[in-house]
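The analysis underlying the following values was restricted to heavy atoms, covering all of them including side chains, and did not include hydrogens, waters or symmetry mates. Here the structure is a predicted model, which is why all the values come from computation and not from measurement.
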Amino acid sequence: MTTQSNDWQMLIDGALVGAKENSEVLNPTTGEVYARVPEAAPDQVDAALAAARRAQRDWGSAAPIERAKVMKRIASLVREQAEELARIVVSEQGKPILEARGEAAGAAEFFDYFAEFARRIQGEILPSDHPGEQIWIQRVPVGVVAAIIPWNYPLALVSRKVAPAMIAGDTIVLKPHEETPVSALAMARIFEAAGVPKGVVNIVTGTGETVGKQLCTSDGVDLISMTGSVPTGKIIMRNAADRMTPVSLELGGKAPFIVMEDCDLDLAVRSALTSRFMNCGQVCICNERTFVARPVYDEFVERFVAASGKLRIGDPMLETTDIGPKVSREELDKVARYVERARSDGARVLMGGGAPETAPTPGGNWFAPTVLADVLPDMEIMRNEVFGPVIPILPFDDFDAVLETANNSRYGLSAYLFTNDLEKVMRAVADLDFGELYVNRVGPESVQGYHVGYRDSGIGGEDGVHGLDAYLRKKTVYVNTSGRPATALMPYGG
């Protein structure tokens, strides 16, 4: 897979196609142009939607086991090309190569997992109040799905949207983020090579303001599935309301990470480190605010700072690198502003706080791991999603109070608790108002689980049998074979 101008093409109605206009994709490690990709014109977006509509009836009526065979071929091709795909992720997004390889493995796993539902999409048969009658509740395809994904997992999130749609019998038009579209276009080649019937999967590239808006305001869409920011999610929801289009939105997070004095402190430190600095902190379930019981606060902070200081910032193509660059200059500047405002609010920087003293490569979007102390719960750094390698750490004295502080957030995606006290575990399960709770472990989430958030973290969810439900709708059928009316009929006659 090369990156020459116009080499990358969209997938529309089974064909790989370019566009009149192209845009540049920058490598966050160097700031140089990595690839040029098509900018879909409005008529091309319409063509993708029309192709998906034409293909949906045949694809939805195909035996699920036949759909699964295509998905298995996709998974096999992803695994064959895993190293190449991982290097694309590194080149356009900046995460370390070891993490990118994990992402490629996950991209294949979504197709294998959802292919298993070929014989497991079940309906219901209910008894009727009338003899000779049954009530069937079928689970049928939604129809045409418009999917929009962000830049932090540009490969795996393609699979997370496409795989459940395919097994459900839906067709899909997917738009990747304009900063990281190459991974999706690489997947487009795989879909074509795997023999996905034309129109079943379509990949179009462009900006959210143009292509994304067109997808989300089209009459030809039966479901909008979006992963991304809260402001964008709210815009999509408002637009969808005009057409009563169902939406599934997986948005931001501000995960609390609670450390009790009875926990395995080594495990807690390592886990807090991983959960904050993985993918340069650009993960929706990241540890965004750490609360440590006062008896172990000083020791935790000392160990955490020491471990953070050993992290290796560098070229993400090297297997020795722990932290790569931020995805873009805009994201880099945003994180820097958060840290500066935290300083102004009285936070104390224990380490980091800006760019590393020596940039690993010139032109990259580098930000050093940053640890903040002397923060208060009402500071901006504690309330807004930072999405970068910055962590505020606070002591607490009372378990009830820290649960209340953790819940006092407009986000409700993920939360973490480290303790060996079963009573506290059960209290947290009952009282923490988040869609996911990790006890004595960190993410990533499992494909068979249910990735769901509350409040501003979204509507609907991803993964597992419950995530699959978003791509299906229910149809109720009353079947009367008795030859007698099941209800009193209106009199007929003059």
Verify the distance criterion only: is there a donor paired with an acceptor across the side chains of [X] and [Y] at less than 3.5 Å?
X: S225; Y: Y471; value: yes
X: S23; Y: E39; value: yes
X: T274; Y: S271; value: no

Before you tell me yes or no, could you show the steps for R87 and E83 under salt bridge (Lys or Arg N to Asp or Glu O under 4.0 Å), namely the whole-Å CA-CA distance, both residues' side-chain angles and the distance that decides it to 0.1 Å?
CA-CA 6 Å; R87 289 179 174 273; E83 183 64 20; 3.0 Å; yes

Between Y438 and E436, does a side-chain hydrogen bond (donor to acceptor under 3.5 Å, both in side chains) hold up when you go through it step by step?
CA-CA 7 Å; Y438 295 86; E436 292 178 341; 3.2 Å; yes

Is a donor on one side and an acceptor on the other found under 3.5 Å between the side chain of [X] and the backbone of [Y]?
X: S248; Y: A470; answer: no
X: N407; Y: D433; answer: yes
X: T370; Y: G353; answer: yes
X: S446; Y: G449; answer: no
X: K95; Y: N152; answer: yes
X: E319; Y: L98; answer: no
X: T361; Y: T29; answer: yes
X: N202; Y: A51; answer: no
X: E192; Y: G14; answer: no
X: R67; Y: W59; answer: yes

Flag the pair I74 / V196 as yes when at least one side-chain heavy-atom distance between them is below 4.5 Å, and no otherwise.
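Result yes, sub-4.5 Å side-chain heavy-atom pair found.
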
I'd like to check V335 versus K326 (side-chain heavy atoms, cut-off strictly below 4.5 Å). Are they in contact?
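Heavy-atom side-chain distance check passes, below 4.5 Å.
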
For the pair E380 and R341, evaluate salt bridge (Lys or Arg N to Asp or Glu O under 4.0 Å) and give the outcome as yes or no after the intermediate values.
CA-CA 8 Å; E380 179 191 46; R341 288 196 292 266; 2.6 Å; yes

Given L318, I97, D315, the one that forms side chain to side chain contact (heavy atoms under 4.5 Å, CB included) with V90:
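Among L318, I97, D315, the one that satisfies the side chain to side chain contact (heavy atoms under 4.5 Å, CB included) with V90 is I97.
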
Which pair of heavy atoms, one from V204 and one from A48, lies closest together, and at what distance?
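Nearest pair, atom of V204 first, then A48: CG1-CB, 3.9 Å.
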
Minimum heavy-atom separation for P316 and G94, please, with both atom names.
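Reported closest heavy-atom pair: CB-O, 3.3 Å.
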
Does the pair R36/D7 count as a salt bridge with the N-to-O cut at 4.0 Å?
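Not counted as a salt bridge, because no side-chain N and carboxylate O are separated by less than 4.0 Å.
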
One pair to check against side-chain hydrogen bond (donor to acceptor under 3.5 Å, both in side chains): N279 and Q93. What are the steps and the verdict?
CA-CA 9 Å; N279 195 16; Q93 197 270 338; 3.2 Å; yes

Fit a plane to each ring of F117 and Y113, take the angle between them on a 0 to 90° scale, and name the class: parallel (under 30°), tilted (30 to 60°) or perpendicular (over 60°).
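Taking Y113 first and then F117, their aromatic rings stand perpendicular (interplane angle over 60°).
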
Is the ring pair H177/W151 parallel, tilted or perpendicular, if the boundaries are 30 and 60 degrees?
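H177 and W151: perpendicular rings.
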
Filter on salt bridge (charged side-chain N to carboxylate O under 4.0 Å, His left out), then keep only pairs touching residues 147-163, sequence neighbours left out; what's left?
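For residues 147-163, and leaving out neighbouring residues, the salt bridge (charged side-chain N to carboxylate O under 4.0 Å, His left out) pairs sorted by first residue read R160-E445, R160-D463, K161-E462.
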
Residue of the set F300, F291, F257 for which ring pair (Phe, Tyr, Trp, His ring centres under 6.0 Å) holds with F418
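Considering F300, F291, F257, a ring pair (Phe, Tyr, Trp, His ring centres under 6.0 Å) with F418 is found only for F257.
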
Among residues at least two apart in sequence or on other chains, which ones pass side chain to side chain donor-acceptor pair (under 3.5 Å) with T232?
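So T232 forms a side chain to side chain donor-acceptor pair (under 3.5 Å) with S229.
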
Should we say atom [atom1] of [X] is surrounded by more than 12 heavy atoms from elsewhere, each under 6.0 Å from it?
X: K72; atom1: NZ; value: yes
X: M237; atom1: CE; value: no
X: E116; atom1: CD; value: yes
X: K234; atom1: NZ; value: no

Apply side chain to side chain contact (heavy atoms under 4.5 Å, CB included) to V247 and M226, showing your working.
CA-CA 8 Å; V247 297; M226 176 264 191; over 6 Å; no

Please report the C-alpha distance between R270 and D264 in whole Å, then the side-chain angles of each, then the deciding distance to 0.1 Å, and finally whether the salt bridge (Lys or Arg N to Asp or Glu O under 4.0 Å) criterion is met.
CA-CA 10 Å; R270 293 197 308 273; D264 180 334; 5.7 Å; no

CG/N239 to OG1/T245 distance, rounded to the nearest 0.5 angstrom?
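Reported value, rounded in 0.5 Å steps: 9.5 Å.
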
Please determine which of R276, K310, R312 meets the salt bridge (charged side-chain N to carboxylate O under 4.0 Å, His left out) test together with D322.
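The passing option is R312.
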
Please determine whether side chain to side chain contact (heavy atoms under 4.5 Å, CB included) holds for the pair N440 and Y416, giving the CA-CA distance in whole Å, both sets of side-chain angles, and the decisive distance to 0.1 Å.
CA-CA 7 Å; N440 296 326; Y416 301 87; over 6 Å; no

Please report the C-alpha distance between M317 and S91 in whole Å, then the side-chain angles of each, then the deciding distance to 0.1 Å, and finally whether the side chain to side chain contact (heavy atoms under 4.5 Å, CB included) criterion is met.
CA-CA 8 Å; M317 282 294 185; S91 297; 3.3 Å; yes

Where do F434 and L413 land on the side chain to side chain contact (heavy atoms under 4.5 Å, CB included) test, with the steps shown first?
CA-CA 5 Å; F434 293 81; L413 183 55; 5.6 Å; no

Worked verdict on E340 versus R337 for salt bridge (Lys or Arg N to Asp or Glu O under 4.0 Å):
CA-CA 5 Å; E340 286 310 306; R337 288 194 298 270; over 6 Å; no

Between E92 and S183, is the side-chain hydrogen bond (donor to acceptor under 3.5 Å, both in side chains) condition met? List the steps.
CA-CA 8 Å; E92 67 173 348; S183 295; 2.5 Å; yes

